[in-house]
Amino acid sequence: MLSTRVIPVDPSDPAREVIGEAAALIRDGQLVAFPTETVYGLGANALDAQAVGRIYEAKGRPATDPVIVHVQSPDQVREVAARVTDLALALIDAFWPGPLTLVLPRGPRIPPNVSAGLSTVAVRMPAHPVALALIRASGVPIAAPSANRFAHSSPTTAQHVLDDLAGRLALILDGGPTSVGVESTIVDLSGDLPRLLRPGGVPLESIAQIAPDVEVVACYALPGEGPTIAPGMLLKHYSPRAELRLFDGPDASLCRALADAVVELRSAGRSVGLLVADEDRESLSPPGVPLVSLGSLADLEQIARNLFAGLRELDARGVDVILARAYPPSGIGLAIRDRLLRAAEGRITHVRA
Ligand code: TXA
Ligand code: MG
């Protein structure tokens, strides 16, 4: 067990001494968690196979699940990838720094365990001053998955990281809550056609403006079933401890179905929590049932920002089952829908009007 230190860092002016200390730990092969605009990452020197091995160990992550390499400038992609295509350059130009990860042929300096043995590597330049300062001061690209226990909800605060990984890393840089709240969009450019492997912070619609032939691969593959191109695509992922059940349909009937499910589960002796939107509160506030609203349906960015904290909050209330509403799949809604569907291990009820 390590003793994990948490140091606050002001994102608008990251203190040099603190960043310097964190960078020294990275160069020394240790693990440092840091904020990005999407979620907190669990960072290690991407050029050091032993340090990267510690990431897998700390998370309890299977060696078959590759991690993303973070760079501090568009040019640094050349230290990581063996080839950078014209389409990659166009996407980088449009969306970096930002929540877009590109899968490219792996460069010779990146050890195989970063990519779980694949011949490709995932790379992104985050849009967070603390992340960028850390990568710059370290002088190396930083491999970092989300800083949560494997298959658990991603961390959007330093406290979430501490809750999951205390004693398993040296340092957490606390830059406050993250602003996007869901992970980066992953586009695979290593094949003939660009493929969306994971919807995320950059909407599919925006990717398609630059890569009109982007394929959306069969998401939601069950473990052991169908194409498991990106291991993050496993259906069981982002899970709270409680069982999550997802409901979709027109708002009025959806609220009725949620209310019915509350009654049914409680009479079966199970405790229930509700994960809904502000608009659902009027017609849905059963007494004695913990309810978390993620924000207004009119603001999916806000819903995304609050999503993982909402799941963790209901978990902390100790409920057996979380009943959640689904969101429309447009813009960042596609990523919200994807995370909820996976957290629910595919359990979705379609309610009719
Ligand atoms: O926003 C994010 O992307 C956050 C922050 C910390 O940057 N990171 C993140 O990492 O979400 P992680 O490890 O939780 O998810 C990385 C996923 C893997 O599960 C896998 O699906 C995909 O990225 N991935 C990584 N390398 C890949 C590769 N070479 N080929 C295909 N997919 C890859
Ligand atoms: Mg993750």
Side-chain angles (χ1 to χ4, degrees), residues 32-44 46 52 55-56 58-71 80-82 95-107 110-128 130-132 134-135 141-156 160-161 164-165 173 175 178-191 194-202 217 219 221 227-239 304 308 332 335 338-339 342-343:
V32 175
F34 59 94
T36 79
E37 76 281 28
T38 58
V39 301
Y40 274 73
L42 178 62
V52 170
I55 293 177
Y56 287 88
K59 287 195 59 153
R61 184 183 179 105
T64 50
D65 195 356
V67 302
I68 295 172
V69 176
H70 297 68
V71 294
V80 175
F95 301 112
W96 281 12
L100 173 66
T101 295
L102 300 175
V103 175
L104 296 165
R106 177 161 54 89
I110 301 296
N113 67 342
V114 166
S115 301
L118 298 171
S119 59
T120 54
V121 64
V123 55
R124 89 172 183 103
M125 177 182 174
H128 194 293
V130 174
L132 294 173
L134 177 63
I135 306 165
I142 294 186
S146 51
N148 51 278
R149 273 183 295 111
F150 179 65
H152 196 218
S153 306
S154 295
T156 54
H160 294 161
V161 180
D164 271 26
L165 299 174
L173 295 177
T178 60
S179 59
V180 176
V182 293
E183 301 86 342
S184 61
T185 302
I186 304 180
V187 178
D188 183 356
L189 297 177
S190 68
R195 288 186 311 177
L196 179 84
L197 298 186
R198 177 176 76 182
V202 175
V217 295
C219 289
T228 45
I229 303 132
M233 290 168 55
L234 290 183
L235 202 39
K236 178 162 173 49
H237 221 86
Y238 311 109
S239 306
F308 288 127
I332 202 163
D338 168 84
R339 305 305 186 272
R342 289 174 204 285

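Heads up: numbering here begins at 1 and tracks the sequence. As the structure is a computational prediction, the values presented were derived from the model and not from experiment. Just so you know, ligand 1 is whichever comes first in the structure, and atom 1 is the first atom listed for that ligand.
Considering each of Gly117, Gly201, Ser184, the one bringing a non-hydrogen atom nearest atom 2 (C) of ligand 1 is Ser184. Nearest to atom 18 (C) of ligand 1 by heavy-atom distance, out of Asp188, Val69, Val180, Asp65, is Asp65. The residue from Asn148, Ile186, Thr120 that puts a heavy atom closest to atom 23 (O) of ligand 1 is Ile186.
Residue Leu134 holds its CG atom at 6.0 Å from CG of Leu173, rounded to the nearest 0.5 Å. For the atom pair CD1 (Ile142) and CZ (Phe34), the distance works out to 5.5 Å, reported to the nearest 0.5 Å.
Using a 4.0 Å cut-off between heavy atoms, Glu37 makes no contact with ligand 1 at all. The part of His70 lying near ligand 1 is the side chain, judged by heavy-atom distances below 4.0 Å.
Remark: ligand 1 atoms within the under-4.0 Å shell around heavy atoms of Leu197 are 31 (C), 32 (N). Each of the following atoms of ligand 1 lies closer than 4.0 Å to a heavy atom of Thr38: 1 (O), 2 (C), 4 (C), 5 (C). Ligand-side atoms of ligand 1 in range of Val67: 25 (C), 26 (N), range being under 4.0 angstrom from any heavy atom. Residue contact check: Ser146 has heavy atoms under 4.0 Å from atoms 8 (N), 9 (C), 10 (O), 12 (P), 13 (O), 14 (O) of ligand 1. Every atom of ligand 1 with a heavy atom of Ala122 under 4.0 Å away is listed here by number and element: 25 (C), 26 (N), 27 (C), 29 (N).
A donor-acceptor pair under 3.5 Å is formed between the side chain of Lys59 and the backbone N or O of Ser146. Remark: side-chain polar atoms of Tyr40 are paired, donor with acceptor, to backbone N or O of Gly175 under 3.5 angstrom. Counting only distance, with no hydrogens or angles, the side chain of Ser190 and the backbone of Val103 share no donor-acceptor pair below 3.5 Å. Judged purely by atom type and a 3.5 angstrom limit, Thr178 uses its side chain to pair as donor or acceptor with the backbone of Thr38.
Considering backbone and side-chain atoms alike, Arg124 places an N or O below 3.5 Å from some N or O of ligand 1.
Remark: Phe308 pairs with Tyr238 by the ring pair (Phe, Tyr, Trp, His ring centres under 6.0 Å) rule, at least two apart or across chains.
The closest side-chain donor-acceptor pair between Ser184 and Arg198 falls under 3.5 angstrom.
Ligand 1 has Arg61 within reach: a non-hydrogen atom of the residue lies less than 4.0 Å from it.
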| message | Would Val180 and Ile332 count as a side-chain contact (heavy atoms from CB on, under 4.5 Å) here? Give the steps. | response | CA-CA 9 Å; Val180 176; Ile332 202 163; 4.1 Å; yes

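Residue contact annotation: Ser146 places an N/O/S atom under 2.8 Å from the Mg ion (ligand 2).
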